[in-house]
*Asks:* 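Take a look at the following structure, please.
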Amino acid sequence: MAPRIAFILGAGPNIGQHVAKKFAANGYKVAVSSRSGGSSTSDDFLSVKADFTDPQTVVSAFKQVRDTWGDPNVVIYNAAGVHFAPPTEVFSVPSQAFEQDLSINVSSLYIALQETVAGWKNLSSPSKVFIFTGNMLNVSGAIAPLFTLGAGKSAAAHLIDAAVKSYGPQGFKFYYADERNADGSPVGNSPDGKAHAETYFELAEDLEQRTWDYTFVKLKGFTKF
């Protein structure tokens with residue numbers, strides 16, 4: 001049986017680290033990628049470098065994980081980019097900055113989905129799960145200062161929906177994970193890393209596809225809004 005491998009793209013100090021620790025504590029080999037990479041490597045932990053403004057580095061990151069352990073059965077895309085815009089002048093954001101955010105939020109995600117699906121086609125693991133760290137910008141409508149991030153989250157939700165419809169019959173599972181406050185409002189810039197870790201591990205262990213636009217609340221779990 002293939003080893004259980006979780007690959008976290010965008011291993012920041014909050015969600016990324018909590019998720020990595022949760023999967024490692026439950027017997028997964030854990031690979032993490034970030035722009036800076038790292039030198040910490042062991043039999044069960046691998047740090048690789050990927051600059052999500054350059055989608056082709058995602059290909060290299062997957063290759064490093066594949067060459068070291070094999071294809072990951074759990075892939076978590078946690079990278080995000082935003083250039084804040086003046087509320088009354090959103091198109092003052094330079095086109096280069098807009099393209100950079102799209103590369104992080106959409107193009108690198110697309111490459112990650114391609115690499116994931118290609119690897120899963122010959123993987124014997126019973127659970128194959130891709131989770132994207134989203135928020136409510138895909139359904140809230142435009143919020144001017146965050147419009148580059150919102151454009152990316154909306155596109156990402158479309159990709160995840162398409163993935164479920166296309167690859168779901170093969171047993172591949174995909175999620176757009178969106179943490180909310182209990183009243184349905186966004187958690188904003190205060191996401192709970194531990195809540196993400198618990199939710200992502202629960203989704204990874206479930207052999208059935210749940211609703212792909214997965215809204216959840218800390219200490220409560222899935223909540224439909």
*Asks:* Which one of H18, E179, K22 satisfies the side chain to side chain contact (heavy atoms under 4.5 Å, CB included) criterion with H196?
*Replies:* E179
*Asks:* Would you say that N135 contacts P186 through its side chain, given a criterion of any heavy-atom pair below 4.5 Å between the two side chains?
*Replies:* no
*Asks:* Should D178 and R180 count as an ion pair when the cut-off is N to O under 4.0 Å?
*Replies:* yes
*Asks:* If we ignore hydrogens and angles and just use 3.5 Å, is the side chain of T223 paired with the main-chain N or O of G221 as donor and acceptor?
*Replies:* yes
*Asks:* Take atom OH in Y167; do more than 12 heavy atoms of anything else shown fall under 6.0 Å from it?
*Replies:* no
*Asks:* Do you see a donor-acceptor pair shorter than 3.5 Å between the side chains of S154 and N138?
*Replies:* no
*Asks:* Out of curiosity, N105 CG to Q100 CD, how far, rounded to the nearest 0.5 Å?
*Replies:* 10.0 Å
*Asks:* Between F130 and Y175, does a ring pair (Phe, Tyr, Trp, His ring centres under 6.0 Å) hold up when you go through it step by step?
*Replies:* CA-CA 6 Å; F130 188 105; Y175 294 98; over 10 Å; no
*Asks:* Decide yes or no on side-chain contact (heavy atoms from CB on, under 4.5 Å) for V65 and L46, but give the supporting numbers first.
*Replies:* CA-CA 8 Å; V65 176; L46 178 66; 4.2 Å; yes
*Asks:* Taking a hydrophobic cluster as the set of Ile, Leu, Val, Met, Phe, Trp and Tyr residues connected by side-chain heavy atoms closer than 4.5 Å, whether directly or through intermediates, do I104 and L149 fall within one such cluster?
*Replies:* no
*Asks:* Taking everything shown except Q96 itself, do over 12 heavy atoms lie less than 6.0 Å from its CD?
*Replies:* no
*Asks:* Side-chain contact test, heavy atoms from C-beta onward, threshold under 4.5 Å: evaluate it for V19 versus F201 and give yes or no.
*Replies:* no
*Asks:* How far does CD1 of I131 sit from OH of Y214, to the nearest 0.5 angstrom?
*Replies:* 9.5 Å
*Asks:* Let's go through F225 and D183 carefully: what are the C-alpha distance in whole Å and the side-chain angles of both, what is the deciding distance for side-chain contact (heavy atoms from CB on, under 4.5 Å) to 0.1 Å, and is it a yes or a no?
*Replies:* CA-CA 9 Å; F225 295 105; D183 62 359; over 6 Å; no
*Asks:* Could you go through the ring pair (Phe, Tyr, Trp, His ring centres under 6.0 Å) check for F84 and F147 one step at a time?
*Replies:* CA-CA 8 Å; F84 294 100; F147 93 98; over 10 Å; no
*Asks:* Would you call V59 and I111 a side-chain contact if the rule is heavy atoms closer than 4.5 Å?
*Replies:* yes
*Asks:* Could you walk me through whether F222 and F216 pass the ring pair (Phe, Tyr, Trp, His ring centres under 6.0 Å) test, one step at a time?
*Replies:* CA-CA 4 Å; F222 175 74; F216 65 98; 9.4 Å; no
*Asks:* How many angstroms lie between OG in S190 and CG in N14, if you round to the nearest 0.5 Å?
*Replies:* 9.0 Å
*Asks:* Please answer: with hydrophobic residues joined when any side-chain heavy atoms are less than 4.5 Å apart, are V82 and V187 in the same cluster?
*Replies:* no
*Asks:* When you compare the side chains of Y200 and T133, does any donor N or O come within less than 3.5 Å of an acceptor on the partner?
*Replies:* yes
*Asks:* Got L123 and N73 here, is their nearest side-chain heavy-atom distance under 4.5 Å?
*Replies:* yes
*Asks:* Would you name the heavy atoms of V129 and L203 that are closest together and state the gap between them?
*Replies:* CG2-O, 3.9 Å
*Asks:* Please assess K63 against E115 for the test side-chain contact (heavy atoms from CB on, under 4.5 Å), listing each intermediate value before the final yes or no.
*Replies:* CA-CA 9 Å; K63 185 178 186 304; E115 290 290 315; over 6 Å; no
*Asks:* Nearest 0.5 Å, please: how far is CG in L219 from CG in D192?
*Replies:* 7.5 Å
*Asks:* Report the C-alpha distance between W120 and F62 in whole Å, list the side-chain angles of each, state the deciding distance to 0.1 Å, and finish with yes or no for ring pair (Phe, Tyr, Trp, His ring centres under 6.0 Å).
*Replies:* CA-CA 12 Å; W120 283 352; F62 268 87; 9.8 Å; no
*Asks:* So which heavy atom on V32 is nearest to which on F7, and how close?
*Replies:* C-CE1, 4.2 Å
*Asks:* Provide the closest heavy-atom pair for A204 versus S127 in the form atom of the first, atom of the second, distance.
*Replies:* O-OG, 2.5 Å
*Asks:* Under 4.5 Å between any side-chain heavy atoms of I5 and F23, yes or no?
*Replies:* no
*Asks:* So how far is it from L113 CG to I160 CD1, rounded to the nearest 0.5 Å?
*Replies:* 5.0 Å
*Asks:* Centres of the Y77 and F52 rings: under 6.0 Å?
*Replies:* yes
*Asks:* I'd like to know if E198 and K218 make a salt bridge, using a cut-off of under 4.0 Å between side-chain N and carboxylate O.
*Replies:* no
*Asks:* Could you tell me if T215 and D213 have a donor-acceptor pair between their side chains, going purely by distance under 3.5 Å?
*Replies:* no
*Asks:* Nearest 0.5 Å, please: how far is OG1 in T116 from NZ in K121?
*Replies:* 12.0 Å
*Asks:* Using a 4.5 Å cut-off on heavy atoms from C-beta on, say whether the side chain of S92 contacts that of P86.
*Replies:* yes
*Asks:* Determine the minimum heavy-atom distance between Y176 and G134, stating which atoms define it.
*Replies:* CZ-CA, 3.6 Å
*Asks:* Sub-3.5 Å donor-acceptor pair from the side chain of S185 to the main-chain atoms of N181, do we have one?
*Replies:* no
*Asks:* A quick test of your reading: do over 12 heavy atoms of other residues, nucleotides or ligands sit less than 6.0 Å from OH of Y110?
*Replies:* no
*Asks:* Report yes or no: do M136 and V106 belong to one cluster of Ile/Leu/Val/Met/Phe/Trp/Tyr joined by side chain heavy-atom distances under 4.5 Å?
*Replies:* no
*Asks:* Between S108 and D54, what is the shortest heavy-atom contact and its length?
*Replies:* OG-C, 4.3 Å
*Asks:* Under a 4.5 Å side-chain heavy-atom rule over Ile, Leu, Val, Met, Phe, Trp and Tyr, are L102 and F91 clustered together?
*Replies:* yes
*Asks:* For H83, is there any backbone N or O sitting under 3.5 Å from a side-chain donor or acceptor partner on D101?
*Replies:* yes
*Asks:* Does any part of the side chain of V30, heavy atoms only, come nearer than 4.5 Å to the side chain of I8, both counted from C-beta?
*Replies:* yes
*Asks:* Any non-hydrogen side-chain atom of N78 less than 4.5 Å from a side-chain atom of L9?
*Replies:* no
*Asks:* Could you walk me through whether L109 and F132 pass side-chain contact (heavy atoms from CB on, under 4.5 Å), step by step?
*Replies:* CA-CA 9 Å; L109 168 62; F132 175 84; 3.8 Å; yes
*Asks:* How close do T53 and S103 get, heavy atom to heavy atom, and via which atoms?
*Replies:* O-CB, 3.5 Å
